[in-house]
Every structure is written in structure tokens, then in C-alpha cells.
Amino acid sequence: MPVRITTLVENSQGEHRALKNEHGLSFFIEKDNHSILFDSGQSANFIHNAGQLRLDMTAIDHVVLSHGHYDHSGGLRSLLQVHSGFELTLGQGFFDEKYAFYNGSYEFIGNNFNEAFLRDSGVSYAFVDSPITEIVEGVWVITGFDRRHMDEVISPRFVLRKNDGFDPDQFSDEVLVAVDSPRGIIILLGCSHPGMKNMIDTVRSLLNRPVYAVLGGTHLVEASRESLEKSISYLADDSFKVLGVSHCTGEKAMDILRASNCRYFHNRTGSSLYVE
């Protein structure tokens, strides 16, 4: 069966000028009569864009949020104003208090809702409790990534508020979505804080199937020169047929991919991938 994945919102504006872009990410996945939302951007813009693209938000039966940062979860409140009949999947630690540290100050960058809000809103939700969870046939939520690439280091500016102090955020809450398609696995990344290569290799290990496409945020924007070079080389593997990375990938990495990799496209607000 065909798979269609539409980027409802991303940092960049696309060809459709009526769509609203923002720093954030949201994907609308259509597969086998299922509609799945992966991330919700930071506002209601993804809902506006879905209307412009004639995508039915009330058809969503599953929502997956990649991690507890505002630019990936902030639109959930707005979605609940139009539709609540879905199953919500979250990673363990999703509601930890997330901050960014800047020169002695701390800025909250976490969710605009807590677990009590979900209960009060009647949302059916669950935390993943294993490395791989199949939410519908051929669609998996994956977490617990094997961190084997030592160059993929989480920025120390990301911290958690814990016990009246701050601890490094290891992003144990981060999940990705893997979608089976007629041509292979499509990997959807939120921000790849645990490391893009770590995450893709974990998918390969768990599913033991070719990866056809990688879409989403890779967080190469903060990669060291060495790590960026290794990541660009990793993505040069011919087994990847489509590379639609953007969001936190960063302009430098995207410029290199644009110039060196013919399978790369700038996945932006309104982009769609059809796999038939």
C-alpha cells in the first residue's frame, strides 16, 4: 500500500505561500487507512496548514511526540480543540522539566502542558516501555538508542531541573517513528539529540530491513567539525535513497548535502513524500 508523509510545519516556507512556517516540526503520515501525527510544532500553525493542504485532522488515530521540547509538542493543546479521539504515545521522561543554559541563566524550553492536563482532557496516552512498539501494522515507535558513535555528543546546554538542581539532559525520552513502505523503511526523526547515526543504526538493528528514506531533524547544527564530516559521510551511503533532513540540521550541513548528495532535498513546510 502507498505511504504519504506530509511535513505540516518546519522552519522554512515552501512553494505554498499560504502555509505558515515556524521553528518546529510536524509530520502527517498516511498509511493503510491510518492517519498518524508525529510531532505538533510549537503552535496551531500545523492545523492551519493541514486545512490548506486538505488533510483531515479529525482522522488522526495516533499521535507520537518525539521529545519534550516546545517546538515539537507545543501544538498538542491546539489539536485537542479540534480532535481528541487518538492514542498518544510518549517516551519515558517526556514530562521532565527541560531547560537550556545560557551564560549563567536558564530558559525553560519544555512542554506547555503536563500529565494532569492530559488526564483532565480525557486523552488516551501511554509511555513506551520497550525499545520498539508497533502502534499500527508497519509503523513502529523506537527508543532506547544504542549510543555507539562517540562523536555524537549532546550539548551540555541542555539540562533537566531535578531535585532543586540541574542535571545534564540525556534525552532518554526521545523516540522516532519508523514506517514500512513498498521500498523499505522510512525513518522520521524529531531532533536526534541522542545522535542521528545512533538512531538510524538502532532502527537497522531492530528491524533488519533496508532504510529507504530519512526525514526530519538531525541536530547537526551543533555538531563539531569532525562529527559533521562523519555524519555527512554516513549519509553518503547509497542505501539511503531519499534524504529529507532539515529543522535542526542547520544551514551548514544542508548546504553540504545540497552540493554533495543528489538524494537530498530540503524537507520544508508543505513537502510531501509519496512511496508507492
Side-chain angles (χ1 to χ4, degrees), residues 5 7 10-12 23 25 27 38-39 66-67 69 71-72 91 100-101 131-132 140-159 168-179 183-268 271 273:
I5 300 174
T7 303
E10 193 267 340
N11 305 27
S12 304
H23 178 81
L25 198 60
F27 291 109
F38 181 50
D39 283 352
S66 64
H67 62 299
H69 274 171
D71 53 328
H72 295 261
F101 177 72
I132 183 167
W140 299 272
V141 176
I142 293 175
T143 190
F145 306 104
D146 185 3
R147 305 193 186 197
R148 64 185 71 174
H149 293 274
M150 302 310 295
D151 63 289
E152 294 190 312
V153 179
I154 297 172
S155 171
R157 71 184 181 90
F158 293 117
V159 295
D169 191 347
Q170 298 299 322
F171 289 94
S172 60
D173 63 318
E174 187 144 355
V175 304
L176 62 76
V177 170
V179 181
R183 300 187 189 182
I185 298 297
I186 304 168
I187 295 177
L188 302 181
L189 303 169
C191 245
S192 301
H193 291 289
M196 174 199 72
K197 300 189 294 292
N198 291 330
M199 296 174 77
I200 294 173
D201 282 355
T202 299
V203 173
R204 285 170 156 166
S205 176
L206 288 171
L207 294 179
N208 195 28
R209 300 193 58 188
V211 175
Y212 171 73
V214 179
L215 307 180
T218 63
H219 217 78
L220 295 178
V221 67
E222 293 188 310
S224 67
R225 178 179 176 180
E226 176 191 8
S227 184
L228 178 57
E229 290 175 351
K230 288 183 177 180
S231 295
I232 295 296
S233 177
Y234 181 92
L235 293 174
D237 185 337
D238 288 341
S239 66
F240 300 121
K241 303 306 180 186
V242 178
L243 297 171
V245 297
S246 53
H247 180 48
C248 56
T249 298
E251 291 298 328
K252 182 177 181 180
M254 290 192 291
D255 285 346
I256 295 172
L257 287 167
R258 189 178 294 113
S260 65
N261 197 320
C262 64
R263 290 164 284 116
Y264 166 79
F265 75 96
H266 184 180
N267 188 44
R268 56 191 186 174
S271 296
L273 176 67

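Values in this document were obtained by computation on a predicted structure and should not be read as measured data.
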Peer 1: Would you confirm whether Arg147, through its side chain, and Val153, through its main-chain N or O, come within 3.5 Å as a donor-acceptor pair?
Peer 2: no
Peer 1: How about Leu25 and Asp71: do any of their side-chain heavy atoms sit closer than 4.5 Å?
Peer 2: no
Peer 1: Just by modelled atom types, is the Ser227 backbone N or O under 3.5 Å from a matching donor or acceptor in the Ser224 side chain?
Peer 2: yes
Peer 1: For residues 216-226, pull every pair meeting salt bridge (Lys or Arg N to Asp or Glu O under 4.0 Å), keeping only residues two or more places apart or in separate chains.
Peer 2: Arg157-Glu222, Arg225-Glu229, Glu226-Lys230
Peer 1: Rounded to the nearest 0.5 Å, what's the gap from CG on Asp238 to CZ on Phe240? Could you check?
Peer 2: 10.5 Å
Peer 1: Give the minimum heavy-atom separation between Cys248 and Gly190, together with the two atoms involved.
Peer 2: SG-O, 4.4 Å
Peer 1: Under 3.5 Å, is there a donor-acceptor pair between the side chain of Asn267 and the main chain of Val245?
Peer 2: no
Peer 1: Looking at Ser246 and Met254, what are the two nearest heavy atoms and their distance?
Peer 2: CA-SD, 3.6 Å
Peer 1: Do Thr143 side-chain atoms and Glu174 backbone N/O form a donor-acceptor pair below 3.5 Å?
Peer 2: yes
Peer 1: Quick one: sort the His69 and His193 rings into parallel, tilted or perpendicular, breaks at 30° and 60°.
Peer 2: perpendicular
Peer 1: List the atom of Met199, the atom of Pro194, and the distance in Å for their closest heavy-atom pair.
Peer 2: SD-CD, 3.9 Å
Peer 1: I'd like to know if the side chain of Asn198 reaches the main chain of His149, judged simply by a donor and an acceptor atom lying under 3.5 Å from each other, with no hydrogens or angles considered.
Peer 2: yes
Peer 1: With a 4.5 Å cut-off on side-chain heavy atoms, are Ile154 and Asp169 touching?
Peer 2: no
Peer 1: Say you draw a straight line from CD of Glu152 to NZ of Lys197; how long is it, rounded to the nearest 0.5 Å?
Peer 2: 3.5 Å
Peer 1: Do the non-hydrogen side-chain atoms of Asp201 and Phe145 ever get within less than 4.5 Å of each other?
Peer 2: no
Peer 1: What closest approach, in Å, do Leu235 and Leu243 show between heavy atoms, and which atom pair accounts for it?
Peer 2: O-CD1, 3.5 Å
Peer 1: If you look at every heavy atom in Pro131 and Leu206, which pair is closest and at what distance?
Peer 2: O-CD1, 4.1 Å
Peer 1: Please report the interatomic distance CD1(Ile142) to CG(Leu207), rounded to the nearest 0.5 Å.
Peer 2: 4.5 Å
Peer 1: Just verifying a value: how many Å separate Phe38 CZ and Leu215 CG, rounded to the nearest 0.5 Å?
Peer 2: 10.5 Å
Peer 1: Can you find a heavy atom in the side chain of Val175 that is under 4.5 Å from one in the side chain of Val177?
Peer 2: no
Peer 1: For the residue pair His72 and His247, does the interplanar ring angle fall in the parallel (under 30°), tilted (30 to 60°) or perpendicular (over 60°) class?
Peer 2: perpendicular
Peer 1: Check the side chains of Thr218 and Ser192 for a donor-acceptor pair under 3.5 angstrom, ignoring hydrogens and angles.
Peer 2: no
Peer 1: Closest approach of Leu273 and Ala213, non-hydrogen atoms and distance?
Peer 2: CD2-CB, 4.1 Å
Peer 1: Out of Val203, Ile200, Val214, Asn208, which residue meets the side chain to side chain contact (heavy atoms under 4.5 Å, CB included) rule with Ile185?
Peer 2: Val203
Peer 1: State plainly whether the residues Lys252 and Asp255 are in salt-bridge range, i.e. N to O under 4.0 Å.
Peer 2: no
Peer 1: Just how far is it from atom CZ of Phe27 to atom CG of Leu189, taken to the nearest 0.5 Å?
Peer 2: 8.0 Å
Peer 1: What distance do His23 atom NE2 and Ser12 atom OG have between them, rounded to the nearest 0.5 Å?
Peer 2: 11.0 Å
Peer 1: Do Arg148 and Ser205 get their side chains close enough for a donor-acceptor pair, meaning under 3.5 Å?
Peer 2: no
